[in-house]
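Note that these values count all heavy atoms, side chains included, but never hydrogens, waters or copies made by symmetry.
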Amino acid sequence: MTALDGAEGRAYAVSGRVRGTALDDLSGEAVARTLPSLLRALDAAARVDLVGTSGYGIWAPDGRAPHASWPEALLAIGTQTPRVPGWRAALVDSGIGLGPVEAGLSALAALTPCLPDARRLIHGDLLSRNVLAGEAGITGVLDWGNALYGDPLYDAAWLLHWWPWYPGWRPGDLHAALLTHWRATGPTPAHLRERLHAYLLHIALDALAYCSYRGRWDEVRAHVGTVLTLASAGEGESVLIPAGA
């Protein structure tokens, strides 16, 4: 892989071609076969040495992320950034308003005492045709433009959030695969349900902001529903997380 300086201060990399079928396009059975390989790859990414980097949240090409702590990085989702400008005004103008955002942020803040100080590598965008798979498992994980430093359980929450958006995938397969993986690789993570609940809130808020910015109002309403469901649940008791998780 060759890293290059891009135009307008952006950075990109050119690597050898990776062949495979996008995870998004796989059948439920094929996804179930692929998940163990993907979870092992995410574990390997979480072990990457971050020496020479700093901060939490989405990091820049120089390896620096803007936040002093993981909770701070998560709670910053309520503010606007150059990546997603104008979403708050768009949400107000739509008639939906900022109430769901404030409810989600309040519930997220209540969960932050359960979050670890972990500062590991997170992909943060595992669908959108960014994971390729072959017969033996995944062949590549692409587009690290949304990668973060923080708790690597965030990627598991990403899969949990988006799983229902793919009707051909059986929801039970993901939960079983995650539990099997965690039990095989060590003790079940501490505060597992609270951490997943917090990250599900963040992911839904992030999607709400992005879709408001893009004017995708049907999707905004779906994400508003998810945020309100998560915000009204008890800490770590989201209906999106089965009781056995």
Side-chain angles (χ1 to χ4, degrees), residues 3 6 8-13 42-43 45-89 91 98 100-126 128 130 141 143-162 189-213 223 226-227 230-231 235-236 238:
E8 301 178 356
R10 297 179 183 273
Y12 60 96
L42 294 175
D43 282 352
R47 293 192 294 270
V48 168
D49 191 344
L50 298 182
V51 65
T53 70
S54 63
Y56 293 81
I58 293 179
W59 42 275
D62 64 3
R64 299 179 183 179
H67 300 288
S69 71
W70 181 226
E72 177 186 300
L74 295 174
L75 291 170
I77 195 61
T79 62
Q80 293 183 169
T81 68
R83 293 167 63 99
V84 189
W87 67 266
R88 292 176 66 90
L91 198 55
L98 295 174
V101 175
E102 298 304 326
L105 289 171
S106 178
L108 177 55
L111 289 160
T112 56
C114 297
L115 306 185
D117 294 328
R119 199 178 77 86
R120 310 305 302 172
L121 186 61
I122 302 165
H123 183 272
D125 193 10
L126 290 169
S128 302
N130 289 335
V141 180
D143 189 355
W144 291 75
N146 287 321
L148 310 96
Y149 300 141
D151 181 2
L153 272 184
Y154 188 95
D155 276 328
W158 179 273
L159 292 171
L160 283 168
H161 174 87
W162 291 110
H191 298 295
L192 173 61
R193 292 174 64 80
E194 291 84 359
R195 288 157 70 183
L196 291 175
H197 194 157
Y199 306 152
L200 285 166
L201 274 164
H202 183 270
I203 293 160
L205 287 166
D206 186 35
L208 193 166
Y210 178 77
C211 292
S212 297
Y213 156 64
H223 295 304
T226 299
V227 168
L230 291 164
E235 294 184 9
S238 166

Looking only at non-hydrogen atoms, find the nearest pair between [X] and [Y] and report the distance.
| X | Y | value |
| --- | --- | --- |
| Gly78 | Arg88 | O-NH1, 2.6 Å |
| Ala231 | Ala103 | CB-O, 3.7 Å |
| Pro113 | Ala110 | CD-O, 3.3 Å |
| Trp87 | Thr79 | NE1-O, 3.6 Å |

Which distance, rounded to the nearest 0.5 Å, do you find between the [atom1] of [X] and the [atom2] of [Y]?
| X | Y | atom1 | atom2 | value |
| --- | --- | --- | --- | --- |
| Tyr149 | Leu121 | OH | CG | 7.0 Å |
| Asn130 | Asn146 | CG | CG | 8.5 Å |
| Tyr56 | Ile122 | OH | CD1 | 10.5 Å |
| Cys114 | Glu194 | SG | CD | 4.5 Å |
| Thr53 | Arg119 | OG1 | CZ | 3.5 Å |
| Gln80 | Tyr213 | CD | OH | 11.5 Å |

Please examine the side chains of [Y] and [X], heavy atoms only from C-beta on, and report whether any two atoms are closer than 4.5 Å.
| X | Y | value |
| --- | --- | --- |
| Leu126 | Leu159 | yes |
| Asp125 | Trp158 | yes |
| Leu153 | Leu192 | yes |

Worked verdict on Thr81 versus Ile58 for side-chain contact (heavy atoms from CB on, under 4.5 Å): CA-CA 12 Å; Thr81 68; Ile58 293 179; over 6 Å; no

Sidechain-backbone polar pair: [X] side chain, [Y] backbone, donor-acceptor under 3.5 Å:
| X | Y | result |
| --- | --- | --- |
| His67 | Ser69 | no |
| Arg120 | Val48 | yes |
| Ser106 | Glu102 | no |
| Arg195 | Ala190 | yes |

Dump the intermediate steps for side-chain contact (heavy atoms from CB on, under 4.5 Å) on Val101 and Val227, then the final yes or no. CA-CA 8 Å; Val101 175; Val227 168; over 6 Å; no

A quick test of your reading: do over 12 heavy atoms of other residues, nucleotides or ligands sit less than 6.0 Å from CG of Asp62?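 Counting other residues, nucleotides and ligands, CG of Asp62 exceeds 12 neighbours.
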
Enumerate, atom names and distances included, each donor-acceptor pair closer than 3.5 Å involving a side-chain atom of residues 197-205, sequence neighbours excluded.
{"from": "His197", "atom 1": "ND1", "to": "Gly234", "atom 2": "O", "distance (Å)": "3.4"}
{"from": "His197", "atom 1": "ND1", "to": "Gly236", "atom 2": "N", "distance (Å)": "2.9"}
{"from": "His197", "atom 1": "NE2", "to": "Leu230", "atom 2": "O", "distance (Å)": "2.9"}
{"from": "Tyr199", "atom 1": "OH", "to": "Trp70", "atom 2": "NE1", "distance (Å)": "2.9"}
{"from": "Tyr199", "atom 1": "OH", "to": "Asp151", "atom 2": "OD2", "distance (Å)": "2.5"}
{"from": "His202", "atom 1": "ND1", "to": "Tyr154", "atom 2": "OH", "distance (Å)": "2.9"}

